[in-house]
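Below is one structure, written out as structure tokens; comments come after it.
Count residues from 1 along the sequence. Indexing begins at 1, ligand by ligand and atom by atom, following the structure's order. Keep in mind that the numbers below use all heavy atoms, side chains included, and drop hydrogens, waters and symmetry copies.
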Amino acid sequence: MSIPFRLTLAVGLVFSAAVMAADGPRVLFFSKSAGYEHGVIKVENDAPSHVEKAIRPLVDAMGGELTATKDGAVISAARLDDFDVVVFYTTEDLCNGETGDKTPAVSATGMMELLEWVKKGGGLVGYHCASDTWHRARNQFSPESPYLDMLGGEFRGHGKQFVGTLRVVDKTHPTMPHIKDGWEINDEWYLFEGLQAETMHVLALLDPADERTRQDKYALPNYPVIWCSTPGEGRVFYNAMGHREDVWDNAAFQAAFVDAVQWASGEGEGAATPNFADVVPADLDPKTGDTKK
Ligand SMILES: [Zn+2]
């Protein structure tokens, strides 16, 4: 009699351990476009977007849960508590429900509720156009953008797509094991202004290399394109990549997405000491994102 009982107990313990181990992050993928709508997050005929199709199996494999939406109502104190990590792939003034994809607006207090949620321990992960969101001058509620201050930089434009080279400046960071120093990859490379040099921990720079001679816009010192910070108890990670479908299909990029979400959910060391002055060329002006005059 005792043997089956012990077996049942053992199976029960193994089962609950497996359930515990599979208890991964609850991830919100938010892709409202109040301005330009990228093809990779377009939802047509209720089919999941390209990005959602790429990341759902990754979140599943983490034992996590993915919610994908463009409904701005989700960015509120009450709703955000259901998540560990919020991933932004958004454009322009998210408090506007009449422009772009015309999906429901974030409330007038939603941005601040998001930032408070991060400071209390939430994880904010921004890709690509997350920096083309809640611009300083174009925000209807404020000429300031506490959101961009927290994210770390503001989109100011881009040129033609090209194969850029990544220069990893913190190879040991928990978000970087799958981003190889010297990685060459084709994407639409964002240019920035308002880089938050005082708070950001820079992880990788873009080296435009020969593109400097082809497109004046990129005649710049190497500049940050992947960075993170730890405001309050929370974690913020930004990667400027992700315009193209084939970037989201890239195995290394996908592995790095998993690393970023896990880190943002609180796993591993925060390791986000500001390092801008140590790793970014001294002739890059963080305010303008251009060469110092
Ligand atoms: Zn783009």
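- In this structure, ND1 of His243 and NE2 of His128 enclose an angle of 110° at the Zn ion (ligand 1), rounded to 10°.
- Residue contact annotation: Cys129 places no N/O/S atom under 2.8 Å from the Zn ion (ligand 1).
- Its N, O or S atom nearest to the Zn ion (ligand 1) is what matters here, and for Glu188 that atom is OE1.
- Checking side-chain atoms of Tyr223 against main-chain N and O of Pro286 turns up no donor-acceptor pair under 3.5 Å.
- Contacts classified as salt bridge (Lys or Arg N to Asp or Glu O under 4.0 Å) and involving residues 259-287 (residues at least two apart or in different chains) are not found.
- For the pairing with Ile55, the side-chain contact (heavy atoms from CB on, under 4.5 Å) check across Val87, Leu66, Val261 returns one residue only, Leu66.
- Within the coordination shell of the Zn ion (ligand 1), defined by N, O or S atoms under 2.8 Å, Asp132 is absent.
- Contacts classified as ring pair (Phe, Tyr, Trp, His ring centres under 6.0 Å) and involving residues 59-80 (residues at least two apart or in different chains) are not found.
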